Number of protein chains: 2
Amino acid sequence: MGITKTALFTSEENELAIVLKALGHPARIAIMNYLTKMNECICGDLVNELPLAQPTISQHLKELKNAGLIQGTIEGTSICYCINPDGFEKVKSFFDVLTISIQTKHKSCC
Amino acid sequence: MGITKTALFTSEENELAIVLKALGHPARIAIMNYLTKMNECICGDLVNELPLAQPTISQHLKELKNAGLIQGTIEGTSICYCINPDGFEKVKSFFDVLTISIQTKHKSCC
DNA sequence: CTAATTAATCGTAATATTGCAATATACAAA
DNA sequence: TTTGTATATTGCAATATTACGATTAATTAG
């Protein structure tokens with residue numbers, strides 16, 4: 001992108017944006033959906049499941065991990081990935097506040 | 001970015017990614033938070049509130065509108081923006097399914 | 001009509017993202 | 001040690017995003 005001025009926003013806004021940005025890609029949504037369905041998986045499972053090359057999947061996994069949305073544990077030769085519940089705390093409260101606002105205040109605006 | 005292969009994913013994955021990507025920027029989170037607090041606003045309000053130039057804010061508003069997250073109505077010389085509840089349907093169900101999965105299945109994985 | 005106000009659009013520079021081939025790393029088995 | 005398996009990293013081309021100055025468009029006030 002361009003010069004994203006993270007310094008000009010609150011850390012809450014920045015942190016939330018990082019998590020939502022990590023989810024803002026179809027491949028990463030697909031990974032999260034797969035993890036939701038299967039509970040856990042290794043990189044190779046996703047390579048078989050998704051129409052992307054192994055390095056690309058690995059990169060997407062890294063971004064999801066950096067955002068705190070998944071966690072990986074070494075298990076012999078492979079790495080077992082699963083959802084990290086902590087990553088969704090911020091997102092959950094953001095949408096909770098939003099939902100309440102919509103339900104109460106959003107009677108008839110523009 | 002690069003060559004985002006939207007054609008290779010389901011339309012659900014793509015649509016959800018569009019909405020979450022739109023929310024994946026601190027300025028747009030700030031706009032949503034401001035709208036949550038104030039219920040409605042015009043572009044000029046945000047220009048005063050956020051440390052960004054008017055064309056930049058206008059651009060962010062356009063993206064939020066394209067993603068179906070806000071709506072704008074012409075009101076004289078200005079345009080009144082407010083949250084569009086419809087935009088959150090997909091996101092809500094995505095997180096609902098995820099939350100249930102975390103609560104039930106995520107007992108002890110990797 | 002003219003000036004003022006508000007917001008969108010255009011053009012463009014700076015930077016970030018995506019995807020993959022090639023390669024590297026790490027570990028287990030033979 | 002060598003081989004095979006699983007995943008991460010590097011490097012790079014193609015493309016997308018962000019930000020803003022300058023301009024335009026649309027509406028209202030005088």
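Chain naming here is simple, since letters A, B, ... match the order of the sequence lines and numbering starts at 1 in each. No experiment lies behind these values; they were computed from the predicted model shown.
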Please give, in whole Å, the distance from [N] [atom2] to [X] [atom1]?
| X | N | atom1 | atom2 | value |
| --- | --- | --- | --- | --- |
| A:Ile70 | D:dT7 | CD1 | P | 12 Å |
| B:Ile57 | C:dA8 | CD1 | P | 11 Å |
| A:Asn66 | C:dA16 | CG | P | 15 Å |
| A:Ile18 | C:dA16 | CD1 | P | 13 Å |
| A:Asn14 | D:dT18 | CG | P | 13 Å |
| B:Ile31 | D:dA19 | CD1 | P | 10 Å |
| A:Glu75 | C:dA28 | CD | C1' | 14 Å |
| A:Ile74 | D:dA6 | CD1 | P | 16 Å |

Candidate nucleotides [options], ranked by approach to the side chain of [X] - the nearest:
| X | options | result |
| --- | --- | --- |
| B:Pro55 | C:dA7, D:dG21, C:dC20 | D:dG21 |
| A:Ala53 | D:dT18, C:dC20, D:dA8 | C:dC20 |
| B:Ser58 | D:dT9, C:dT9, D:dA26 | C:dT9 |
| B:Thr56 | D:dC20, C:dA8, D:dA8 | D:dC20 |
| B:Arg28 | D:dT18, D:dA26, C:dA26 | D:dT18 |
| A:Ile79 | C:dT9, D:dT9, D:dA8 | D:dA8 |

Q) Shortest non-hydrogen contact from A:Ile31 to A:Leu64? A)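 Heavy atoms of A:Ile31 and A:Leu64 come nearest at CG2-CD1, 3.7 Å.
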Q | B:Gly24 versus A:Lys21, closest heavy-atom pair with distance | A |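 Nearest pair, atom of B:Gly24 first, then A:Lys21: O-CD, 3.4 Å.
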Tell me whether the side-chain N/O atoms of [X] come closer than 4.0 Å to OP1 or OP2 in [N].
| X | N | value |
| --- | --- | --- |
| B:Lys62 | C:dT9 | yes |
| B:His25 | C:dT17 | no |
| A:His60 | C:dG19 | yes |
| B:Lys21 | D:dT17 | yes |

Q: Select from B:Glu63 and B:Gln54 the residue whose nearest nucleotide in DNA chain D is closer to the 5' end of that strand.
A: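 It is B:Glu63 whose nearest nucleotide is closer to the 5' end.
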Q) Looking across every strand, which nucleic acid part, if any, lies under 4.0 Å from B:Ser78 by heavy atom: base, sugar-phosphate, or nothing? A)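 Since only primed, P, OP1 and OP2 atoms lie under 4.0 Å of B:Ser78, the category is sugar-phosphate.
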Q: Using a heavy-atom cut-off of under 4.0 Å over every strand shown, decide if B:Ile42 touches base, sugar-phosphate, or nothing.
A: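 Since only primed, P, OP1 and OP2 atoms lie under 4.0 Å of B:Ile42, the category is sugar-phosphate.
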Q: Could you check whether the rings of B:Phe88 and A:Phe95 sit parallel, tilted or perpendicular, using 30° and 60° as the cut-offs?
A: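 Answer is perpendicular, since the angle exceeds 60°.
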(Q) So for atom CD, which belongs to A:Glu12, do other residues, nucleotides or ligands contribute more than 12 heavy atoms lying within a distance under 6.0 Å? (A)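 No - once you tally the heavy atoms of other residues, nucleotides and ligands closer than 6.0 Å, there are 12 at most.
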Q. Under 6.0 Å from the CD1 atom of B:Ile74, do we count more than 12 heavy atoms belonging to anything else shown?
A.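 Check fails, neighbour count at 12 or below.
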Q | Residue whose closest nucleotide on DNA chain C lies nearer the 5' end, B:Gln59 versus A:Leu52 | A |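 Result: B:Gln59.
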Q.
Could you check whether any side-chain N or O of B:Arg28 sits under 3.5 Å from a backbone N or O of B:Leu23, counting only pairs where one atom can act as donor and the other as acceptor?
A.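 No.
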